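What you see is a predicted model, and the numbers here were worked out from it, not measured in a lab. Along the sequence shown, the residues carry numbers beginning at 1.
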Amino acid sequence: MARSVTTQHKTIATAAAWIVALLIFFPILYTIITSFKSEQEAIQGFSMIPSGTMESYAEVQAQSGYFKFFLNSVLLSVGSTILALLVAIPAAWSMAFSPTKRTKDILMWMLSTKMMPAVAVLFPIYLIFRDAGLLDSRIGLMIMLMLINLPIVVWMLYTYFREIPGEILEAARMDGASLWNEIVYVLTPMAVPGIASTMLLNIILAWNEAFWTIRLTTTEAAPLTAFISSFSSPQGLFWAKLSAASTLAIAPILIMGWFSQKQLVRGLTFGAVK
């Protein structure tokens, strides 16, 4: 029997949700507001009233070409996501439908790699990239972004695949489906919501990755995270231009998240309620 919820409880819960959402979104909102101020106005102190000037955006575009960094971010985030799915889908299939006594240990080991500080492996990774000629290259960064997000992708896909009845795959095998056909034509279509949400989450993680993208690139493969960091210099922080650069960097991913929020929520809750 479902628990009845009064109108008062609904109102309180809704108000609390809006307060939490506004607190989370406030730094982004203030960054957008600051981007429409002059440098003098930005350093004067806290103010939620923008002057409406676009000079910071003009200076940002004049100082650094935005669209080159934007293109690199798109290629890196989408490319690393495709690479991650090519590796993660077969891996998650094997763990979900052909588990061994070591499967849980492997999953925990993969997840434990996310707990290691990235700076701990910076030096060896840098040397590997230097010797392999992958420094400041898109393919090198795609591989790096794929590797650092692969544990999360495998875990998410493994969770979704576990909710698919194994009898369906057994029926496909009885009909003569090969392993490849089983994964491509049976498993993947059934897990589309989960795969879609995994793709969206991985794109967001790759888009926002700053540690590796700043340290393994200089000019050619530099994404928007490097674009933002270029406006912080020893001479000082230029708050208005830095805010404008940050707004330009987060705008595409905010727009994508807004239009795909239903798919993202559906995928993240896929299999949660039976």
From CA spacing to verdict: side chain to side chain contact (heavy atoms under 4.5 Å, CB included), E220, S137: CA-CA 7 Å; E220 294 300 320; S137 69; over 6 Å; no
Audit row: W155, M95, side chain to side chain contact (heavy atoms under 4.5 Å, CB included) steps and yes/no: CA-CA 10 Å; W155 260 92; M95 294 180 184; over 6 Å; no
Closest contact, heavy atoms only, [X] versus [Y]:
X    : Y    : value
M116 : V121 : CE-CG1, 3.7 Å
V154 : A92  : O-CB, 4.1 Å
M190 : V186 : CG-O, 3.2 Å
M142 : G79  : SD-CA, 4.0 Å
S246 : T31  : CB-CG2, 3.9 Å
A221 : L76  : O-CD1, 3.7 Å

Take a 6.0 Å sphere around [atom1] of [X] and say whether it holds more than 12 heavy atoms from other residues, nucleotides or ligands.
X    : atom1 : result
Q44  : CD    : yes
R162 : CZ    : no
F211 : CZ    : yes
M48  : CE    : yes
K114 : NZ    : yes

If Ile, Leu, Val, Met, Phe, Trp and Tyr residues are connected whenever their side-chain heavy atoms lie under 4.5 Å apart, and connections chain through other members, are [X] and [Y] in the same group?
X    : Y    : value
F123 : I125 : no
V74  : L200 : yes
F227 : F67  : yes
L224 : I32  : yes
L85  : F161 : yes

Measure the shortest side-chain to side-chain distance between [X] and [Y] over non-hydrogen atoms and say whether it is less than 4.5 angstrom.
X    : Y    : value
S197 : Y160 : yes
M199 : V153 : no
L157 : I89  : yes
L205 : E209 : no
F129 : M144 : yes
I255 : P252 : no
R138 : L71  : yes
T103 : T100 : yes

Closer than 3.5 angstrom, by distance alone: can the side chain of [X] be matched with the main-chain N or O of [Y] as a donor-acceptor pair?
X    : Y    : value
T188 : Y185 : no
E41  : S38  : yes
S98  : W93  : no

Chi angles and distances behind the side chain to side chain contact (heavy atoms under 4.5 Å, CB included) call for W212, I148: CA-CA 10 Å; W212 292 109; I148 64 177; 4.0 Å; yes
Test item: side-chain donor near acceptor, T217 and D136, under 3.5 Å: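 Side-chain D/A pair, T217 to D136: absent.
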In Å, rounded to the nearest 0.5 Å, how long is the span from [atom1] of [X] to [atom2] of [Y]?
X    : Y    : atom1 : atom2 : result
T198 : N149 : OG1   : CG    : 11.5 Å
F69  : T213 : CZ    : OG1   : 11.0 Å
N202 : L145 : CG    : CG    : 8.5 Å
S35  : Y30  : OG    : OH    : 11.5 Å
I128 : L216 : CD1   : CG    : 11.0 Å
M146 : L141 : CE    : CG    : 12.5 Å

Working for side chain to side chain contact (heavy atoms under 4.5 Å, CB included), residues I28 and L254: CA-CA 10 Å; I28 299 175; L254 281 177; 4.1 Å; yes
F70 and Y66 aromatic ring geometry - parallel, tilted or perpendicular at 30°/60° bounds: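 The arrangement is parallel - the two ring planes meet at less than 30°.
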